[in-house]
Amino acid sequence: MVTKTILKKLKNIKEKIKNRSKRDLLKGMILFSGVATAHNALHNTKTQSSSEVEKNNIEVIETPKELSLADITFSKNMVNIAPESSSAYFEFENQLTDKNNNPISDFNQATKYSIWDCSYKREAGTKKNPVGIVSKEGYYGSLQFNYFNAVNMAIYGMLHAEHKDLAAKFFQKTPQLENALANFQKSMDDYAKKHGDENLAYHVGSVSRQKVIKYISPNFKKIFEKAGQENTLELLDLQRAYAGAVYCSFDGKSLKKICAILEASDVKPEEVNPAIWGMFLAKHIKGGFGGISTLLKGKKAKDINSLAFVNAMANKYPDVFKDTPSCKEAWKFAKEHYQEKHSLTTIKELSVILHKPEMVSKYLKLLSLYQKDDVTYEQAKKMAQADSTKQESTIHFYDVLQEKIEANNVKKNTFNKKDKIKQMLLAKNEKTR
């Protein structure tokens with residue numbers, strides 16, 4: 001009877017494994033064991049003989065290739081959106097490509113724009129040379145940095161290999177520059193240890209900064225304008241990279257308050273759509289993040305990612321979104337794009353702003369698994385959660401072992417009872433002799 005029960009349970013387990021869908025099996029393995037582990041497990045399966053595969057009821061399936069930032073190129077298209085009667089002005093549409101320049105599909109509804117495009121619209125979106133413009137008031141580029149921050153941008157570029165060739169154009173060529181930059185880098189480390197923020201090295205009182213800017217070219221303005229015309233995309237990337245990594249930290253206290261208010265409402269930063277974050281950044285470029293947190297208090301993600309919230313931001317900060325034609329361009333952009341979801345580009349930008357690199361790795365893992373399912377980023381997260389739940393409830397091979405253990409316990413208890421009866425009978429016989 002016990003043997004029949006065991007065989008029946010083993011048969012049920014076998015059927016459940018056999019009928020498990022391929023995607024649930026694969027994605028569950030990846031989510032719980034890691035992509036590499038799952039790949040190795042499936043590779044081992046493929047090396048088994050066909051009889052072994054049939055015996056274990058495991059189907060041979062290919063794993064999706066896990067995407068890596070090292071294999072991805074972030075490129076842009078310059079799109080002229082000016083009416084025929086007007087001089088050209090541009091939007092910049094982001095694209096992902098692999099090393100062979102083949103396009104990589106992002107999630108459905110992923111925005112084509114940068115998290116900085118709302119600011120770009122306000123500051124320089126309709127200008128003839130928007131990335132290299134220097135205004136009469138002395139403001140530079142697509143985000144209209146003052147001279148202090150434009151110089152900081154050049155310093156930042158010299159410290160990052162992907163920007164160094166362009167950034168070097170802003171400096172006089174001298175061996176002493178490299179020594180000054182090395183001291184500046186050391187100063188950043190010291191500020192991080194003593195004050196918890198390496199970007200304090202970029203501030204006015206930084207001695208190491210003063211030593212670096214001695215080598216800034218006296219033709220800085222002309223070089224900036226020329227770079228905007230001849231190296232448009234490279235200079236745009238540099239401006240946005242500096243803004244995210246350094247400039248946003250200058251009002252870090254208010255930025256942390258925004259994140260704390262979101263957390264109190266159980267809203268993750270990446271659940272706030274990129275155009276909404278763009279409005280926050282436009283406000284920051286104008287005068288810091290201060291005050292935004294009060295608008296967010298008590299709001300869920302659906303409340304924040306709404307036209308009502310876009311208009312609330314515009315009404316609270318008319319000098320950013322209403323008072324001038326360029327302000328209205330930023331507001332218009334937000335109204336047109338507030339429903340669009342994060343792309344790998346905007347997640348990468350947000351991760352830099354918030355100093356959370358793990359946001360990118362999580363996004364890439366989801367994109368690796370679900371990019372062909374025609375779903376949004378938020379839907380992919382829900383699918384991953386559902387697949388995780390399925391995996392937790394899936395019958396594992398240790399369940400078979402547990403059945404055997406339970407069966408042995410039953411068998412052992414049965415034998416123990418028989419032994420006790422036998423011993424009692426023997427004892428009784430001894431007494432009657």
Donor-acceptor under 3.5 Å (Ser326 side chain, Arg122 main chain) | yes
Strictly by modelled atom types, are Ser208 and Ser206 linked by a side-chain donor-acceptor pair under 3.5 Å?
-> yes
Please answer whether the main-chain N or O of Ser351 pairs with a side-chain N or O of His355 as donor and acceptor at a distance below 3.5 Å.
-> no
Would you find a donor on one side and an acceptor on the other, under 3.5 Å apart, between the side chain of Lys186 and the backbone of Ala182?
-> no
Side-chain donor/acceptor of Ser249 to backbone N/O of Val246, under 3.5 Å | yes
What's the shortest heavy-atom distance between Val310 and Ala334, and which atoms?
-> CG1-CB, 3.9 Å
Audit row: Leu159, Lys164, side-chain contact (heavy atoms from CB on, under 4.5 Å) steps and yes/no = CA-CA 7 Å; Leu159 301 179; Lys164 189 166 183 176; over 6 Å; no
State, without any angle test, whether Lys226 and Asn231 hold a side-chain donor-acceptor pair at a distance under 3.5 Å.
-> no
Under the side-chain contact (heavy atoms from CB on, under 4.5 Å) criterion, do Gln95 and Asn77 qualify, and how do the steps go?
-> CA-CA 8 Å; Gln95 295 180 323; Asn77 272 341; 3.2 Å; yes
Would you say Ser265's side chain and Val267's backbone share a donor-acceptor pair under 3.5 angstrom?
-> no
Cation-pi check, Lys381 to Tyr377: give yes when NZ or CZ is under 6.0 Å from the six-membered ring centre and within 45° of the ring axis, no otherwise.
-> yes
side-chain hydrogen bond (donor to acceptor under 3.5 Å, both in side chains) filter on Ser217, not counting sequence neighbours, yields none
Can you name the ring-ring contact (aromatic ring centres under 6.0 Å, His included) partners of Tyr242, sequence neighbours left out?
-> Phe145
NZ/Lys335: more than 12 non-hydrogen atoms of other groups inside 6.0 Å = yes
Do the two ring centres, one from Phe250 and one from Tyr202, sit under 6.0 Å apart?
-> no
Atom CG of Asn80: over 12 foreign heavy atoms under 6.0 Å = yes
State which residue, out of Trp331, Phe321, Tyr338, fulfils the side-chain contact (heavy atoms from CB on, under 4.5 Å) condition with Cys118.
-> Phe321
Hey, are Ser368 and Glu66 close enough side-chain-wise for a donor-acceptor pair under 3.5 Å?
-> no
Look at atom CD of Glu263 and say whether more than 12 heavy atoms of other residues, nucleotides or ligands are closer to it than 6.0 Å.
-> no
In short, side-chain hydrogen bond (donor to acceptor under 3.5 Å, both in side chains) pairs touching residues 270-296 with sequence neighbours left out are Thr294-Lys316
Please determine if Lys348 forms a cation-pi arrangement with Phe74, meaning its NZ or CZ atom is less than 6.0 Å from the six-membered ring centre and no more than 45° off the ring axis.
-> yes
Backbone N or O of Gln176 within a donor-acceptor pair of the Asn179 side chain at under 3.5 Å?
-> no
Say whether, by atom type as modelled, one donor and one acceptor occur between the side chain of Asp373 and the main chain of Val375 under 3.5 angstrom.
-> no
Flag the pair Phe333 / Tyr113 as yes when at least one side-chain heavy-atom distance between them is below 4.5 Å, and no otherwise.
-> yes
Please say which of Asn305, Thr346, Thr111, Thr376 ends up in a side chain to side chain donor-acceptor pair (under 3.5 Å) with Glu340.
-> Thr111
Please step through salt bridge (Lys or Arg N to Asp or Glu O under 4.0 Å) for the pair Lys112 and Glu336, ending with a clear verdict.
-> CA-CA 12 Å; Lys112 295 178 180 178; Glu336 290 175 347; over 6 Å; no
Should Asp237 and Lys76 count as an ion pair when the cut-off is N to O under 4.0 Å?
-> yes
By side-chain contact (heavy atoms from CB on, under 4.5 Å), Lys356 pairs with (sequence neighbours left out) Pro269, Leu354, Glu358, Met359
Does the pair Lys341 and Asn108 meet the rule for a side chain to side chain donor-acceptor pair (under 3.5 Å), with working shown?
-> CA-CA 8 Å; Lys341 303 303 179 183; Asn108 189 19; over 6 Å; no
Hey, does the side chain of Asn129 reach the backbone of Gly132 with a donor-acceptor pair shorter than 3.5 angstrom?
-> yes
Heavy-atom side-chain contact between Tyr120 and Glu329 under 4.5 Å | no
Under the 3.5 angstrom rule, does the side chain of Glu198 hit a backbone N or O of Ala192 as a donor-acceptor pair?
-> no
Partners of His195 by side-chain contact (heavy atoms from CB on, under 4.5 Å), sequence neighbours excluded?
-> Tyr191, Leu200
Residues Asp303 and Ser306: side-chain donor-acceptor under 3.5 angstrom = no
Residues Asp117 and Arg240 bridged, charged N to O under 4.0 Å | yes
side-chain hydrogen bond (donor to acceptor under 3.5 Å, both in side chains) involving Asn102 - partner list, sequence neighbours excluded | Asp98
Phe171/Tyr215 aromatic ring centres below 6.0 Å | no
Let me see the working for Tyr140 and Asn146 under side-chain contact (heavy atoms from CB on, under 4.5 Å), right down to the final yes or no.
-> CA-CA 6 Å; Tyr140 289 73; Asn146 57 16; over 6 Å; no
Please test Ile104 against Thr97 for side-chain contact (heavy atoms from CB on, under 4.5 Å), starting from the C-alpha separation and ending with a verdict.
-> CA-CA 5 Å; Ile104 297 172; Thr97 57; 5.6 Å; no
Does Glu91 use its side chain to pair, donor to acceptor, with the backbone of Met78 at less than 3.5 Å?
-> no
